[in-house]
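All figures in this text were calculated on a predicted structure; none of them were measured in a lab.
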Amino acid sequence: MRFINNTSDLSKYLGIRIENQALIKKISTDTRTIKKGSLFIAIKGKNFNGNDYVQDAFKKGAVLALVDDLRFKDSKNKKIIYVKNTIESLTKIGKNIIKDFEGKVIAITGSNGKTSTTSIVADSLRKVSTTIENFNNEIGVPLSLINASPKSDYLVLEIGASKFNDIDHLSKILKPDVGIITNIGNSHLEELKNTNGVLRVKSEIITHIKKNGFLVVPNDNEKHLSFWKKVRKDINIVTFGKSKSADFYSYKADLNSDGANFYISSKNLVDSIKIKTTLEGEHNIMNILASCACHFCLNQDLDLFAKKINLNKLTIKRQRKTKWLNGSTLIDDTYNANPDSTKKSIDLLCNYNNKKKILILGDMLELGKFRKNLHKEIGIYAKKKGIDNFLGFGNLTKVAVDAFGKNGFFFNGEKDLKAYIKDNISSKDIILIKGSRGMKMERFIDV
């Protein structure tokens, strides 16, 4: 059961009359995923116009098409619903769904860790609807809401930003009870310029948190924490981190290739809680801490939270570890990349001291004027941490490979890198593959 299951539901949340009556089994903005009974939403992008594919959608079984091209304004086809702007219509639908939703809304943003934290929070609550796939923008967030269940007690949604006002727009739709900022780092610098810009855009979430709601933030940067405390006085701020000054902090951390063991302590806990997780890396300790703080804000049993984490039933999309080519071990982190997340993934790779450590890195995109220096930093960092081989793919990784030096290899072509992988990967190797979404580094997994 979703919020929109038929044309009556669509009419209600869109606020317009729709004559054609039909069941809606699926909603898609991409004709490649259209199935019988789908609602096709035509989106205009920089390099494409979804309105051009309406007939394709009908041929594949779409029962309705929401369009915004003037050519359809006076169409007699009752399957076609014309609006002035489909993205604005999605926003309207999202806002109206939130008005109807009776549970708690949790919105999660940050430079790194937002996808994993969203998964951890959602997996450790009951009766939850959450972000579908990687839908975290002005199109994806309303689609996640449309696919949510009205019977859920919680909506846990990731919201992303590539430019100023993105988080403001999305959090205005969601009006969260709890807002989480996982961290502030080097991401989308092409538009945001520097970390101050990142701080500003991620902090846009604060404006739309409900009165007396909660903001969950890291306490590792006093400047950032001071800024957040000044934004609003009518919400509660809960912090997490490694320092005892945080409301929720970790100690006695043991990181290894099987995961992490650590304790969470807090002035809000009678006793510390023990966490044992298969999630690897210090960054996942921070993600679990943020999730624990969120559970506190929702008045959940934190001992029960720890038990759920310890059951290791978390569906994390990042850093999936599998057996790979010639008996090697693969860490698939192809989902996305920026300098901070790449360094954290390198740290994780370095936990495997008994294996040859190979990094396959694609370009980190949207870094603006800092792009070359930040790639150079990655090469230096990888060498310092003891990575054995560095394989670079994409124009910018050449800078990183040069900085890495000996046993650094740069590849111009996809075929050349695939051939190298086939010929040189052995059972003694552990390989991390990472790169920005636009680099599509997952193509190198199936070689």
[X] atom [atom1], over 12 foreign heavy atoms within 6.0 Å:
X	atom1	value
K344	NZ	yes
K26	NZ	yes
K172	NZ	no
Y263	OH	no
K343	NZ	yes
D301	CG	yes

When you compare the side chain of I139 with that of T29, does any pair of heavy atoms fall below 4.5 Å?
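Answer yes - side chains close enough.
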Is there a side-chain contact between I16 and I81 (heavy atoms, below 4.5 Å)?
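Result yes, sub-4.5 Å side-chain heavy-atom pair found.
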CD1 of I146 to CD1 of I4: how many Å apart, nearest 0.5 Å?
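Reported value, rounded in 0.5 Å steps: 4.5 Å.
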How long is the straight-line distance from CG of N310 back to OG of S124, given to the nearest 0.5 Å?
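It comes to 11.5 Å.
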Apply side chain to side chain contact (heavy atoms under 4.5 Å, CB included) to F393 and M439, showing your working.
CA-CA 9 Å; F393 177 75; M439 294 302 294; 3.9 Å; yes
Should E442 and R437 count as an ion pair when the cut-off is N to O under 4.0 Å?
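Judged by the 4.0 Å cut-off on N to carboxylate O distance, E442 and R437 do form a salt bridge.
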Do D56 and R32 meet the salt-bridge criterion of a basic N to acidic O distance under 4.0 Å?
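No, no charged N to carboxylate O under 4.0 Å.
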Please evaluate residues K127 and Y154 with respect to the criterion side chain to side chain contact (heavy atoms under 4.5 Å, CB included), reporting the C-alpha separation (whole Å), side-chain torsions for both, the decisive distance (0.1 Å), and the verdict.
CA-CA 7 Å; K127 297 182 71 174; Y154 302 97; 5.6 Å; no
Does W324 form a side chain to side chain contact (heavy atoms under 4.5 Å, CB included) with I433? I'd like the steps, not just the answer.
CA-CA 12 Å; W324 197 42; I433 304 183; 4.1 Å; yes
Taking [X] as the fixed residue, which of [options] is the one that meets the side-chain contact (heavy atoms from CB on, under 4.5 Å) rule?
X	options	result
I206	L215, V217, I237	L215
E282	D347, L348, L255	L255
S226	K229, K230, H224	K230
L174	I159, I205, I97	I159

Write down the atom of [X], the atom of [Y], and the distance for their closest heavy-atom approach.
X	Y	result
T182	P218	O-CG, 3.6 Å
K114	T118	O-OG1, 2.6 Å
K25	K36	CD-O, 3.9 Å
I378	M364	CG1-CE, 3.5 Å
S152	F101	O-CE1, 3.2 Å
L170	N136	CD1-O, 3.4 Å

Please answer whether the main-chain N or O of E158 pairs with a side-chain N or O of T131 as donor and acceptor at a distance below 3.5 Å.
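Yes, because the side chain of T131 sits within donor-acceptor range (under 3.5 Å) of the backbone of E158.
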Given N336, T117, N338, the one that forms side-chain hydrogen bond (donor to acceptor under 3.5 Å, both in side chains) with N112
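Going through the options one by one, the only one that passes is N338.
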Checking side-chain polar atoms at under 3.5 Å, does [X] have a donor or acceptor matched by the opposite partner on [Y]?
X	Y	answer
S345	D333	yes
S341	H283	no
T239	D247	yes
D100	Y13	yes
N77	S75	no
D68	N51	yes

I'd like to know whether S28 forms a side-chain hydrogen bond (donor to acceptor under 3.5 Å, both in side chains) with T33, so could you lay out the CA-CA distance, the side-chain angles of the two residues, the decisive distance to 0.1 Å, and finally the verdict.
CA-CA 7 Å; S28 177; T33 65; 2.5 Å; yes
Please walk me through it: do I173 and T91 pass side chain to side chain contact (heavy atoms under 4.5 Å, CB included)?
CA-CA 7 Å; I173 294 173; T91 298; 3.9 Å; yes
